[in-house]
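Note: hydrogens, waters and symmetry copies are ignored here, and every other heavy atom, side chains too, is used.
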Amino acid sequence: MWYYVWFSLAALCAAICAVKTFVQKRTNPMAPSACMMFIAAAIVNIAYLIRISASSYFMASVTTSIYLACLDFLVLSMMHYALDFTQSKVFPIKYKKKIFAVLDFFVIVDEAILIANVFHELELRYQYEPDSICAIKYMYVARPSFYFHLGFVYLLLCMVIYLLVLKTFSVPKIYRSRYSTSLLTVLVIAAISLLYVAGALKISVDVTVLIFGFVCPLVYWNAFDYSSKGMLNSTRKVILEYMGMPMILFDYEGYVADSNKDMRSLFPILNSQEGKISMVDFMQIAAIRELQNTNTDQMFEWHNPGEVGARIYQCNFICLKDEKDRSIGHLLLMKNMEMEKDMLTQLYSKQCFYERMAHVVNHQMYPITVVICNANGIGLVNDVYGWTKGNEMLRLAADLLRDNLPPNVITARLDDCDMAVGFTQIEQEYAVRLFENIREQYRQANDTGINTDLEYGIAVIRDDTKSVEQAVKEASESMRTKKLMNETSQKSSQLDSLKQTLTESDYETEEHVERTKAMAIKLGRALNLTDAELGKLALLAVLHDIGKIAIPHSILLKPGKLTDEEWEVMKTHTEKGYRIANASKELKPIAEYILHHHERWDGQGYPGGLSEDEIPLLSRIITVVDSHDVMVHDRPYHKAMSHAEAVEELLRCSGSQFDPHIVTIFLQVLQEEKETQIRRSSE
């Protein structure tokens, strides 16, 4: 009677698991194969139950054949499930269907033989044992062809075991129990089956199918509930160890209960197992004086007095309580403010940048050079390829900074995708060389087909009269000024429109504009201008005459000498240019230089009659450069001078129209350029 009870319960367990799995077939890819396996387990137990109930020779033959055929179905479904469960790629996808087609063929052949066995006893013959104490009165005797059936079953079992062994030893240890329990279950079933078939296990019935029915809930749990239940306890300690910030837990009595490796690194005393450390003692050891009391949650900054770890930590002290509001302990989390990083670029955060730069300034590590850079064209990349590619280009820029900058620099990501770099005891010229190299690498690595570039601006702190915030602002303005002249930047469209309007309104040519800009930058560098001043000077070279777009064409294009009235109108172009530039956020920084670019050193210029150093430096520079380019190129109102004549004219007007110092440096630049051209032509 107990055989009927146990096999019925085993079949019921398998059937319940099959129903629960069937519900998940649309949401879980393992559900179909698992459901078939549970159905097979239920059918095998029922078939075996009918088998042991056989009361005639014919029924014994029929039920045995049905049971063995169901057993084929069970091991084949186990094979399907094992492949899904282990996500194995032992069988290439293109061969998987063929392999299972072969296995299905062997199942069909075996079942055909089993059906024929009822009438011809191809695999088994039976004998009645009335005195047997076994549940099965009709005992079968294996014929040679029966071993084909056994071999097929054990072959599939071996393949299942092989897949589970591979998976068990290829996953991290904390996940291994999910597969090791399944492996152990199959090994036990296979071992008992072998002992039973060999006759070494003296039991009344074949209990292997009975065991499989009862372990179906375990298989179901491993397949569908393990990730939400089993993994949590296994990984909690690992999460605490690798959470990336120091953590210490105090129990309800106020003693250290646990800590992670980051906290133990800060305070090696926590590695000692001798005696308990109280929360009060720990706070004294750590010199944490900012904690007001231990009864409320608090957040505060802690300045590390030790040599290990960061200088500044943001501490979060949490009072842990149960559902009845009773204290169960305290948790202290310490966030390294100097290691806080942007998720996309892995550069330090804006706050970290300013804190670390403040440390540099406090130690007066002058000169301190601040560089702000930004990738042009990212918006267009996002529009064409999507945000994933745009983010990839930003990460590329960040990687190039890490790969090419010295190890002691401070790098961070600021607002609007700006990236900041802080150098200590470094001059502007060195930073320019580094960033020109990075810029070129960025261009070469660009695989989007879109013209993108890396623009940068530089500011230098030489003493405490300039703060880090001021340097960042200056470098940012310099970078954005350069963006106006960079064709890869979306901001350049405004400048292009103004340039086109100017060239259409005046006899100024694009070649004149580009020559003036290039020479102005050379002269600016010779005069040791800052990067921000060089950016403004380049923009000024392009737009210093922008006010002429508001002057009538009849005056602008008049080939002869202007009348007094016409000249007065012409002179208003500086003020009109000032108003145009002042109305634009991007051009406002050069508005004043546009206004005064026709002032004279002797005070006889316009519109303000300024003299000498009253005239802004950039205005004085552009006056010399622009005048020289006009001298040496044809205009409607005069023929081009020779180089010697232009030099003579500059010297004649030095001290009256032009700043004499700027003229001297400019002539040196011209001489160096001439010598360079001669040297290149001789080569």
Side-chain angles (χ1 to χ4, degrees), residues 2-3 5-25 27-49 70-71 73-88 153-154 156-196 201 203 205-235:
W2 284 109
Y3 293 117
V5 172
W6 289 117
F7 279 98
S8 297
L9 287 176
L12 181 62
C13 283
I16 291 172
C17 291
V19 172
K20 292 181 67 176
T21 307
F22 181 79
V23 176
Q24 303 186 48
K25 68 177 183 177
T27 58
N28 194 307
M30 286 192 297
S33 59
C35 184
M36 294 301 295
M37 181 175 60
F38 295 142
I39 292 173
I43 293 174
V44 166
N45 275 277
I46 294 171
Y48 196 79
L49 184 60
C70 291
L71 194 61
F73 177 52
L74 173 60
V75 292
L76 186 62
S77 61
M78 285 177 62
M79 181 68 186
H80 277 280
Y81 169 73
L83 284 171
D84 291 340
F85 181 57
T86 60
Q87 298 179 337
S88 175
V153 169
Y154 286 121
L156 291 181
L157 277 176
C158 288
M159 294 176 72
V160 170
I161 292 170
Y162 175 68
L163 292 173
L164 290 172
V165 168
L166 281 182
K167 190 67 175 180
T168 300
F169 292 99
S170 65
V171 297
K173 190 174 181 180
I174 60 173
Y175 298 100
R176 197 168 290 173
S177 63
R178 180 184 189 186
Y179 304 100
S180 61
T181 53
S182 299
L183 174 61
L184 181 62
T185 301
V186 177
L187 286 173
V188 169
I189 291 173
I192 293 175
S193 177
L194 283 170
L195 292 173
Y196 178 75
L201 194 62
I203 54 177
V205 294
D206 186 357
V207 296
T208 53
V209 292
L210 183 70
I211 294 173
F212 197 92
F214 282 122
V215 299
C216 281
L218 175 63
V219 175
Y220 177 88
W221 180 83
N222 270 340
F224 303 107
D225 281 353
Y226 181 84
S227 60
S228 60
K229 296 178 181 178
M231 189 178 68
L232 184 60
N233 290 331
S234 301
T235 57

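- Contact record, Ala82 with Val160: CB-CG1, 4.1 Å, taken as the closest heavy-atom pair.
- In this structure, Pro29 and Asp84 approach most closely via the heavy-atom pair O-OD2, 4.2 Å.
- Scanning all heavy atoms of the two residues, the minimum distance from Cys13 to Gly213 falls at CB-O, 3.4 Å.
- Summarising the geometry, atom SG belonging to Cys35 is positioned 4.0 Å from atom CD1 belonging to Ile39; distances are rounded to the nearest 0.5 Å.
- Interatomic distance, Ile211 CD1 to Cys216 SG, rounded to the nearest 0.5 Å: 12.0 Å.
- Of all non-hydrogen atoms in Leu74 and Ala40, the two that sit nearest each other are CA-CB, 3.6 Å.
- Atom CZ of Phe38 sits about 7.5 Å away from atom CZ of Phe212, to the nearest 0.5 Å.
- In this structure the side chain of Met37 reaches within 4.5 angstrom of the side chain of Val219, judged on heavy atoms.
- Here the straight-line distance linking atom CG of Leu12 with atom CZ of Phe214 works out to 9.0 Å at 0.5 Å rounding.
- Between Leu166 and Thr86, every side-chain heavy-atom pair lies at or beyond the 4.5 Å cut-off.
- Shown are Leu194, Ile189, Val186; of these, the side-chain contact (heavy atoms from CB on, under 4.5 Å) with Leu157 is made only by Val186.
- When all heavy atoms of Cys70 and Ala47 are compared, the closest pair comes out as SG-CB, 4.4 Å.
- Annotation: side chain of Ser33 is not in contact with side chain of Ser77 (no heavy-atom distance under 4.5 Å).
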Step by step, would you call Val209 with Phe7 a side chain to side chain contact (heavy atoms under 4.5 Å, CB included)? CA-CA 9 Å; Val209 292; Phe7 279 98; 3.8 Å; yes
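- In this structure, the separation between CG on Leu163 and CD on Gln87 is 12.5 Å, given to the nearest 0.5 Å.
- Distance check, rounded to the nearest 0.5 Å: OG1 of Thr208 to CG of Leu195 gives 11.0 Å.
- Checked against a 6.0 Å centroid threshold, the rings of Tyr179 and Phe85 count as neighbours.
- A 4.5 Å side-chain heavy-atom check between Val44 and Phe73 finds every atom pair outside the cut-off.
- Other residues, nucleotides and ligands contribute at most 12 non-hydrogen atoms within 6.0 Å of the CZ atom of Phe22.
- Considering all non-hydrogen atoms of both residues, Thr21 and Ala31 come closest at CG2-O, 3.2 Å.
- With contacts defined as side-chain heavy-atom distances shorter than 4.5 Å, the pair Ser180/Ser177 qualifies.
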